[in-house]
Structure formats: structure tokens, C-alpha cells
Amino acid sequence: MLECSKSRSAFARACRVIPGGVNSPARAFGAVGGEPLFIQRGEGQFLVDIDGNRLIDYVGSWGPHILGHGHSSVTTAIQQALARGTSFGAPTEAETELAEMIAEAVPSVEKVRMVNSGTEATMSAVRLARGFTGRDVIIKFAGCYHGHVDSLLVEAGSGALTHGVPSSPGVPQGCTADTLSLRFNDAGQLADTLRSRGDEIAAVILEPVVGNMGCVPPQPGFLEACRELCTQHGALLIFDEVMTGFRVAYGGAQSRYGVTPDLTTLGKIVGGGLPVGAYGGRADVMDSISPVGPVYQAGTLSGNPLATASGLATLRTLKESNPYDALEVATTRLVQGLSKAAMNADIPHQMTQVGSMFTLFFNPEPVVNYDVSSRNDTARFAKYFQGMLERGIYLPCSQFEANFVSACHTPADVDNTIAAAAEVFATLVDR
Ligand SMILES: *Cc1c(COP(=O)(O)O)cnc(C)c1O
């Protein structure tokens with residue numbers, strides 16, 4: 001057993017003043033049982049908890065740490081920015097540099113606005129799409145998570161899915177009345193919906209590679225169909241690349257799959273571990289935002305100097321070192337090893353992978369949408385999660401999450417992870 005007495009008491013203390021002891025529900029171990037570990041520090045591919053356990057980390061703060069924890073170029077950039085001041089409420093040149101880097105990297109982005117979280121990015125993109133088109137209805141796909149935006153909390157993935165609350169109390173009926181939730185990877189259903197209600201639809205928003213019902217790649221032709229149908233019906237196509245941006249390729253899923261949306265939302269990696277989001281796209285659409293256009297959106301700390309420095313250093317390092325091929329090779333070796341170990345133990349499963357994102361689903365059917373993903377064997381996942389944790393492997397504490405490999409993970413880490421999984425799978429076999 002993992003020694004965790006200090007985490008236990010830290011959690012008890014936290015629970016007295018923080019709801020559930022955590023500042024975001026994805027951190028609670030509700031879906032797998034037990035209590036969260038409290039982290040003391042991150043070092044490259046490792047997390048060290050307050051009991052001194054050193055764990056191989058496949059969460060990476062839920063996506064941002066593609067370079068691993070505490071990359072020297074990022075921490076140095078933050079320290080240098082800190083010495084100059086934490087916030088000015090006036091423009092800085094670094095914000096323009098970051099915007100230029102994003103526009104250069106992400107095919108759809110001509111102009112970009114920085115915000116402070118992925119949620120803020122999707123909320124703003126939806127408002128912009130409605131303001132620009134003069135239409136109200138948004139189409140989303142079940143199992144895609146776009147942050148805790150009122151109008152998008154309809155059959156959301158990840159936290160809401162795990163905790164069995166498809167829509168949250170506190171979201172008035174009116175907020176979701178203009179949101180339609182369709183099946184991911186079902187271009188026919190999207191075509192039918194647009195055929196009947198096309199002139200009401202402001203935007204279609206999706207995770208081009210879903211991360212928030214586990215990693216679910218788009219089937220061939222699906223993204224292309226979304227693009228074509230949106231163009232045909234005058235709706236904007238929004239790719240929520242908060243997770244996939246700078247992850248599945250430097251230019252995100254849109255560069256990997258060669259499909260260009262009208263608007264893109266970013267977060268996670270673009271902040272390098274600091275609270276950052278961004279939304280960008282076609283210049284004519286983006287110029288509808290105030291102060292140029294009438295659609296209001298603002299932020300006291302948007303483009304914050306520390307966050308901007310962190311994001312800039314992360315993107316520069318990614319651009320210069322181009323770790324994407326190596327990440328994909330390492331991840332492929334890991335998922336093949338895990339699959340083989342699961343097969344050897346006769347564990348029904350599906351493995352999905354795009355670049356350095358992957359999910360091992362305890363499910364015999366190919367996971368192509370939320371209907372299938374909701375049939376995952378979550379009890380078996382909980383045992384797998386706990387078994388891996390005992391062996392020093394820190395996985396996302398839900399079956400409905402993507403795992404992330406960082407540029408710091410070594411072949412030895414991959415081998416150790418596969419060996420741990422083989423041991424755990426042997427304990428999962430039905431007797
Ligand atoms: C994480 C995530 C969000 C929300 O970002 P926050 O920074 O947590 O608000 C939105 N969309 C996707 C696809 C995400 O993965």
C-alpha cells in the first residue's frame with residue numbers, strides 16, 4: 001500500500017473549508033474510491049506527494065504539461081516576468097508576440113483574444129458566434145466538454161458524466177433551450193438537423209478529438225462533414241482545442257486533420273501551467289468583439305504578464321524542439337504494451353490514441369460516441385486505477401478522461417508502466 005497518512009489528514013483539513021476538499025471536481029477520487037493525494041511538487045514526468053511518494057504522471061495537470069513539470073525555459077520566463085511586475089491593466093508587447101505565435105501555428109487563427117481559462121474561451125466564442133451570425137442556437141455533441149458554461153452544460157462529458165449529472169442544477173432552462181446535443185461522429189444526424197433548422201444555427205462546437213469522454217478520435221470524414229455542412233448553412237464551426245491545441249500537433253487537431261474551423265478555442269498548453277485560455281479565428285469574425293465590434297467581452301487579468309510569459313516560453317520550446325514525433329512514438333509504444341498486457345489477461349478493452357493522448361477503455365465495443373462510452377466498465381477501471389497508483393503510476397481518476405504523455409517520459413517509464421499494468425490486469429481477471 002502507498003503510504004498516504006499525510007494526504008489523508010491534509011484532505012480532512014481541506015474538506016472543512018473547501019467543498020469536497022478540492023477546487024475542481026475532476027480532482028476528487030469519487031469515481032474510483034479513496035481520497036486524492038496532495039502534491040508537494042512536480043519534477044519532469046513525476047509528481048511527488050506530501051508523503052514523499054514519487055509517481056509517474058500521466059495527468060500532466062489535465063493537459064498543460066506537455067513539456068513535463070517545471071521545464072527550465074518556462075520557469076525562467078515566469079521568474080523574469082515576475083521581476084517586472086504581475087499585472088498592469090495595459091497592453092504589453094509579449095501579448096502581441098504570443099498572439100503572433102498562435103496565429104502562425106493554428107491554421108484558423110488570424111486574430112486571437114486571450115482570456116483566463118478554457119471555460120472563458122468557449123463561453124466567449126459562443127457569444128461571438130451568436131453576435132456575428134445574429135442566430136441563437138448552438139449545436140454541441142454529447143460527451144464533448146467545453147468547460148462549465150451554462151449554455152453548454154447539456155450532457156457534458158468528463159466531470160458531469162463521471163458524476164452522473166448530465167446537466168447541472170442552477171442552469172436555468174432558458175440557458176440551455178438554445179443548445180442542441182447530437183451524437184459525435186454522426187454526420188447524418190448533423191446533416192438532418194441542419195436541413196431542418198439550419199437558419200437558426202449560430203455555431204457547431206466540438207472537440208475535434210474528444211478528450212472528455214476518454215480519448216475518442218473523429219471517424220474519417222466526420223470533421224470534413226462538419227466543415228461542409230456549416231459552410232452550407234451559414235453556421236460557424238468552432239473547434240474547441242483547449243485540450244488538443246499544441247497537443248495532437250503543434251497546430252492542433254485542425255492542422256493534423258487538415259480541416260479549418262471558423263473559430264478555435266485554446267487553453268491548457270497555451271498557458272504552460274498558468275491560468276490561460278484564448279479564442280481566435282477569422283479576422284472578420286473576431287473584429288465583432290469590443291472594442292472594434294459590438295459583442296462585449298473583457299477581462300481584468302486577461303493577457304496577464306506571468307501567464308503570457310509562461311505560454312510564450314512553452315510555445316517557443318515546442319516550436320524549437322518539435323517533440324511531436326518522439327511523443328507519438330513513445331505513446332504508441334506505451335499503448336501497444338498496455339493493449340498486449342490486457343489481451344494476455346483476457347481483459348475486454350479498446351485502446352484509442354491520437355499523438356500523445358490516449359485512453360484504455362474497459363469496453364468491448366469501439367468507443368466512437370458517448371452512448372458507447374457510457375457503457376465502459378467503470379468498476380473495473382476503478383480497480384485498475386488503484387492498482388496502478390499502488391505501483392507508483394498516477395493516472396486520471398476517471399475512465400472518461402484522456403491520459404497524456406510528456407516529453408520527459410522515458411522508455412524506462414513506459415516499460416515500468418506496462419509492467420505495472422500487467423500485474424494489475426492479472427488481478428482483474430474474472431474468477
Ligand atoms: C479543459 C477543457 C475546457 C475547460 O477549460 P478550463 O480551463 O478547465 O475552464 C474546455 N474545453 C475542453 C475541450 C477542455 O478539455
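Hydrogens, waters and symmetry mates are skipped; everything else that's a heavy atom, side chains included, is used. As the structure lists them, so they are numbered: ligands from 1, and atoms in each ligand from 1.
Q254 pairs by the side-chain hydrogen bond (donor to acceptor under 3.5 Å, both in side chains) definition with S108, E241, T264, not counting sequence neighbours. Take F29 and apply the ring-ring contact (aromatic ring centres under 6.0 Å, His included) test, not counting sequence neighbours, and it matches F385.
Using modelled atom types and a 3.5 Å distance limit, the side chains of D57 and H69 yield a donor-acceptor pair. At a cut-off of 3.5 Å, with distance as the only test, no side-chain donor of R127 or Q297 sits close to an acceptor on the other residue. The closest side-chain donor-acceptor pair between T92 and E95 falls under 3.5 angstrom.
Among protein heavy atoms, atom 2 (C) of ligand 1 sits closest to K268 NZ, 2.6 Å. Nearest protein heavy-atom neighbour of atom 6 (P) of ligand 1: G118 N, 3.4 Å. Regarding atom 3 (C) of ligand 1, its nearest protein heavy-atom neighbour is V242 CG1, 3.7 Å.
The shortest N/O to N/O separation between D240 and ligand 1 falls below 3.5 Å. Checked against a 3.5 angstrom limit, the closest N/O atoms of T122 and ligand 1 fall outside it.
Here N212 has side-chain heavy atoms under 4.0 Å from ligand 1, and that is the only part of it that gets that close. When heavy-atom distances to ligand 1 are checked against a 4.0 Å cut-off, H146 comes that close only through its backbone atoms N, CA, C and O.
Counting all heavy atoms, side chain and backbone alike, G143 lies closest to V210 at O-CG1, 3.6 Å.
Less than 4.0 angstrom separates some heavy atom of S117 from each of these atoms of ligand 1: 7 (O), 9 (O). Atom numbering of ligand 1 starts at 1 in the shown order; those under 4.0 Å from a heavy atom of E207 are 13 (C). Counting the atoms of ligand 1 from 1 in the order shown, those under 4.0 Å from a heavy atom of M243 are 15 (O).
When side chains are defined from C-beta on, L37 does not count as touching I50, because their heavy atoms never get closer than 4.5 Å.
Put simply, atom 8 (O) of ligand 1 has no protein non-hydrogen atoms near it, under 4.0 Å away.
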Step by step, would you call R197 with T193 a side-chain hydrogen bond (donor to acceptor under 3.5 Å, both in side chains)?
CA-CA 6 Å; R197 301 188 59 178; T193 307; over 6 Å; no
